[in-house]
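What follows is one structure encoded as structure tokens, with my remarks underneath.
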Number of protein chains: 2
Amino acid sequence: MDSHKLYDAEYRFCSLVWDSEPVNSTELVRLAADQLGWKKSTTYTVLKKLCERGILQNDNAIVTALVKREDAERYESTIVVEKTFGGSLPRFLTAFLGERKLTDQEAEELKKIIEEAKQ
Amino acid sequence: MDSHKLYDAEYRFCSLVWDSEPVNSTELVRLAADQLGWKKSTTYTVLKKLCERGILQNDNAIVTALVKREDAERYESTIVVEKTFGGSLPRFLTAFLGERKLTDQEAEELKKIIEEAKQ
DNA sequence: ACCCGAGGTCTATTCCAGTAGACTACAGGA
DNA sequence: TCCTGTAGTCTACTGGAATAGACCTCGGGT
């Protein structure tokens, strides 16, 4: 349940998968070497752990994600709001905005997102 | 600069300080024992590190915070939005809301916060 | 029959956050 | 004078995230 928590390195790795799934494992080794500077065994070690935790899937060298990017993002955002802001989105928003100013356009975009989440 | 990053244990400890500053260090030892289950030396070790990083201040056994709760909260929220959502607040909001639904009242509150951050 | 690349496993090593134990110094009461 | 509480330091252990090196197997090409 809580094993959906992705550590930093895992998150970066999953990002590669999300960007290119379904992807061959050897190709993934190449991508991780390129974009993360990882050695082959590092990739396989991390891949295996993520498979064991039901986050990724490796089927005959074809890697796909069981936990989708949106799931991980939602989880991540929820955690922060809970841990740091007592679960209150308004408190999060207030803190984030701080002295920051929004343009009319940005404000409209945000309000639209909120409007769509009503009910 | 980036030393303002608070690790989990540090954050919990700072919360105690924020809640009760200015606070005597012995009293803080007591609070940390009560609320975090920490031993005395743990409290002093963490306190010292935070002082060295300019986050707290210990003056003749009177502890105060140089970095305020709002600063830490803003920092924390900014980090997530940047690290996980490419700095885009709309993307964060969309992810957080996900399938969640807002009541009219909640939506109004959020829109008000946004409105106040305009320009 | 041999080599090579694909596809992987298993076992370390390193680093650091988190936590604590043992010790020191000093001031004020009994 | 000794004890006790306050205030603090310094060193050390532990667990786990991050990373990698050495090794294994198997199928296809020469």
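Below, each value reflects all heavy atoms present in this structure, side chains not excepted, and no hydrogens, waters or symmetry copies.
- Counting atom types as modelled, A/Ser25 pairs no side-chain N or O with a base atom of C/dA6 as donor and acceptor under 3.5 Å.
- Around CG of B/Asp34, the count of heavy atoms belonging to other residues, nucleotides or ligands within 6.0 Å exceeds 12.
- A/Arg91 pairs in a salt bridge (Lys or Arg N to Asp or Glu O under 4.0 Å) with only one of the listed residues (B/Glu109, B/Glu70, B/Glu73, B/Glu76), which is B/Glu73.
- B/Asp59 has its CG atom 10 Å from the P atom of D/dG8, to the nearest Å.
- Between the C1' atom of D/dT19 and the CD atom of A/Gln35 lies a distance of 18 Å, rounded to the nearest Å.
- No side-chain heavy atom of B/Arg100 sits under 4.5 Å from any side-chain heavy atom of B/Glu106.
- More than 12 heavy atoms of other residues, nucleotides or ligands lie within 6.0 Å of NZ in A/Lys111, so this atom counts as buried by the packing criterion.
- Among the atoms of the strands shown, only primed sugar atoms or phosphate atoms (P, OP1, OP2) are found under 4.0 Å from some heavy atom of A/Tyr7.
- Taking the nucleotide of DNA chain C with the nearest heavy atom to each of B/Lys49 and B/Ser41, the more 5' of the two is matched to B/Lys49.
- For the pair B/Leu6 CG and C/dG18 P, the interatomic distance rounds to 10 Å; values are reported in whole Å.
- Atom NZ in B/Lys39 sits roughly 17 Å away from atom P in D/dT14 (whole-Å rounding).
- Between B/Asn60 atom CG and C/dA25 atom P the separation is 19 Å, expressed in whole Å.
- Screening A/Leu28, A/Thr42, A/Leu6, A/Asp8 for a side-chain contact (heavy atoms from CB on, under 4.5 Å) involving A/Phe13 leaves a single residue, A/Leu28.
- Atoms OH (B/Tyr44) and C1' (C/dG21) sit 16 Å apart, rounded to a whole Å.
- A/Glu21 and A/Thr64 are not linked by any side-chain donor-acceptor pair at a separation below 3.5 angstrom, with hydrogens and angles left out of the test.
- Picking from C/dG21, D/dT9, D/dA20 the nucleotide with the shortest atom distance to the side chain of B/Lys48 gives D/dT9.
- Nucleic acid contact class of A/Thr42 (heavy atoms, under 4.0 Å, all strands): base.
- Side chains of A/Leu97 and B/Leu89 form a contact here, defined as non-hydrogen atoms less than 4.5 Å apart.
- The stretch residues 8-24 of chain A comes close to DNA chain D through A/Asp8, A/Ala9, each having a heavy atom under 4.0 Å from the strand.
- B/Lys40 comes within 4.0 angstrom of a base, heavy atoms only.
- For a distance-only test at 3.5 Å, the side chain of A/Thr45 fails to qualify as a donor-acceptor partner of the base of D/dA18.
- Taking atom CZ of B/Arg30 as the reference point, atom P of D/dG5 lies 11 Å away to the nearest angstrom.
- A residue-by-residue look at B/Ala61 and A/Trp38 shows that B/Ala61 has its nearest nucleotide of DNA chain D further toward the 5' end.
- Taking atom CG of B/Leu47 as the reference point, atom C1' of C/dG18 lies 16 Å away to the nearest angstrom.
- As judged by a 4.0 angstrom heavy-atom cut-off over every strand, A/Asn58 is placed among residues touching the sugar-phosphate backbone only.
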